[in-house]
Amino acid sequence: MDRTVHPDIAYVLLEHERIQQRVQALADEITRDYANTQDLLLVGVLKGSVMFMVDMARSLQRHVALDFIAISSYGQSTQTSGVVRLLKDLDTDIGGRHVLIVEDIVDSGLTLAYLRESFQRRNPASLRICALLSKPERRQADVTVDYTGFDIPNEFVVGYGLDFAERYRNLPYIGVLRPAVYTQNAES
């Protein structure tokens, strides 16, 4: 199998196989934690969580419902703007349901703090957060992540759903984007 890395990637941070092993371990933990509930709703934060959420849902040993929410705090930037905008709300009423927010990466925590507060007002039976990646040193909002795949350094990462300007989502691994790619893009 050809393991050629995309030329815009400085280095691979997490190989696909390692990601899949961690997704399975998270799914096993979540399956145990929700063993006594009949109703689990996974809410994916679009678009970055899609790959992770699909793999997670297939790995869970239980029935789950799926829904999605789209919010933005980045735009075309590599840094959060600090302003969270709702682009697409849930189709599902979460009142009385066990809800697990599935996020690709927790950076500042502002997006998840906004979602947690918004969802709590809708009276779910329980509300937890699962994130594939976390950058603890970048946290600006106090947000508890109940299930974390990997703590990563403060690098700009793409792949496995994460993007820069809607590119690189389809890479099967998570890699660090070469700074020249996003600094060149910012200058043009």
Side-chain angles (χ1 to χ4, degrees), residues 1-27 29 43-56 59 68-85 87 100-116 128-188:
M1 172 188 255
D2 184 14
R3 292 282 191 199
T4 305
V5 174
H6 191 285
D8 291 347
I9 303 301
Y11 63 94
V12 174
L13 184 64
L14 297 167
E15 291 283 349
H16 181 74
E17 294 79 12
R18 186 165 174 214
I19 295 167
Q20 293 307 303
Q21 289 169 354
R22 186 64 185 134
V23 169
Q24 185 61 57
L26 288 169
E29 186 178 351
V43 174
V45 181
L46 292 174
K47 299 177 188 171
S49 73
V50 170
M51 307 294 189
F52 176 44
M53 184 160 147
V54 166
D55 286 346
M56 174 66 68
S59 297
F68 296 92
I69 192 163
I71 53 181
S72 174
S73 67
Y74 281 83
Q76 294 288 318
S77 176
T78 61
Q79 301 284 324
T80 182
S81 67
V83 177
V84 179
R85 294 179 327 144
L87 305 175
L100 180 63
I101 298 172
V102 180
E103 178 68 289
D104 56 352
I105 188 167
V106 183
D107 193 339
S108 69
L110 296 172
T111 299
L112 281 175
Y114 168 86
L115 276 181
R116 182 183 60 204
R128 292 184 181 170
I129 297 170
C130 177
L132 178 62
L133 305 174
S134 178
K135 292 182 182 178
E137 67 190 68
R138 298 258 313 139
R139 206 73 80 243
Q140 296 174 24
D142 183 24
V143 62
T144 299
V145 179
D146 303 282
Y147 307 97
T148 303
F150 302 94
D151 284 338
I152 63 169
N154 187 21
E155 300 273 7
F156 191 78
V157 293
V158 295
Y160 194 67
L162 293 98
D163 76 305
F164 173 68
E166 292 299 324
R167 297 179 63 202
Y168 313 106
R169 287 190 198 279
N170 61 319
L171 296 176
Y173 53 81
I174 294 172
V176 174
L177 192 61
R178 292 185 188 280
V181 174
Y182 51 88
T183 55
Q184 174 188 22
N185 197 324
E187 293 169 359
S188 48

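- Partners of Ala25 under the side-chain contact (heavy atoms from CB on, under 4.5 Å) rule, at least two apart in sequence or in another chain, are Arg22.
- Residues that satisfy the side-chain contact (heavy atoms from CB on, under 4.5 Å) test with Gln24, not counting sequence neighbours, are Ala27, Asp28, Ser59.
- Residues satisfying the salt bridge (Lys or Arg N to Asp or Glu O under 4.0 Å) criterion with Arg128, sequence neighbours excluded, are Asp33.
- Across Ile9 and Gly175, no two heavy atoms sit closer than the pair CG2-CA, 3.9 Å.
- Nearest heavy atoms, Glu137 versus Asn154: OE2-CB, 3.1 Å.
- The side-chain heavy atoms of Ile174 and Ile19, taken from C-beta on, include a pair separated by under 4.5 Å.
- In this structure, the salt bridge (Lys or Arg N to Asp or Glu O under 4.0 Å) partners of Asp8, at least two apart in sequence or on a different chain, are Arg167.
- Between Leu115 and Ile69, some side-chain heavy-atom pair lies under the 4.5 Å cut-off.
- Take Lys135 and apply the salt bridge (Lys or Arg N to Asp or Glu O under 4.0 Å) test, not counting sequence neighbours, and it matches no residue.
- A 4.5 Å side-chain heavy-atom check between Leu13 and Ile152 finds at least one atom pair inside the cut-off.
- Partners of Asp55 under the side-chain contact (heavy atoms from CB on, under 4.5 Å) rule, at least two apart in sequence or in another chain, are Gln20, Val23, Arg58, Tyr160.
- Remark: Val12 pairs with Val5, Glu15, Tyr173 by the side-chain contact (heavy atoms from CB on, under 4.5 Å) rule, at least two apart or across chains.
- Annotation for Arg18: atom CZ does not count as buried by contact number, only 12 or fewer foreign heavy atoms lying within 6.0 Å.
- At least one donor-acceptor pair under 3.5 Å links the side chain of Ser108 to the backbone N or O of Leu110.
- Taking all atoms of both residues into account, the shortest heavy-atom contact from Leu46 to Ser49 is N-OG, 4.3 Å.
- For the pair Ser134/Arg139, a side-chain contact is recorded, criterion being any heavy-atom separation below 4.5 Å from C-beta on.
- Checked against ring-ring contact (aromatic ring centres under 6.0 Å, His included), Phe68 has no partners two or more places apart in sequence or in another chain.
- Taking all atoms of both residues into account, the shortest heavy-atom contact from Val181 to Phe164 is O-CE2, 4.2 Å.
- Across all their heavy atoms, Ile129 and Thr144 have their closest contact at CD1-O, 3.6 Å.
- Under the salt bridge (Lys or Arg N to Asp or Glu O under 4.0 Å) criterion, no residue pair touches residues 150-160, with sequence neighbours excluded.
- The structure places SG of Cys130 at 10.0 Å from CD of Glu103, a figure rounded to the nearest 0.5 Å.
- The shortest non-hydrogen separation linking Arg138 to Asp107 is NE-OD1, 2.7 Å.
- Side-chain contact between Pro179 and Phe156: absent, with no pair of heavy atoms (C-beta onward) separated by less than 4.5 Å.
- Distance CG/Asp163 to OH/Tyr168: 10.0 Å, rounded to 0.5 Å.
- Residue Thr111 holds its OG1 atom at 11.5 Å from CZ of Arg85, rounded to the nearest 0.5 Å.
- Legend: residues meeting side chain to side chain donor-acceptor pair (under 3.5 Å) with Arg178, ordered by chain and number and at least two apart, are absent.
- Here Ile71 contributes atom CD1 and Leu87 contributes atom CG; the two are 8.0 Å apart, rounded to the nearest 0.5 Å.
- Two residues are said to be in side-chain contact when any heavy atoms from C-beta on lie closer than 4.5 Å; Leu162 and Ile105 meet this criterion.
- For the atom pair CE (Met51) and CG (Asp104), the distance works out to 11.0 Å, reported to the nearest 0.5 Å.
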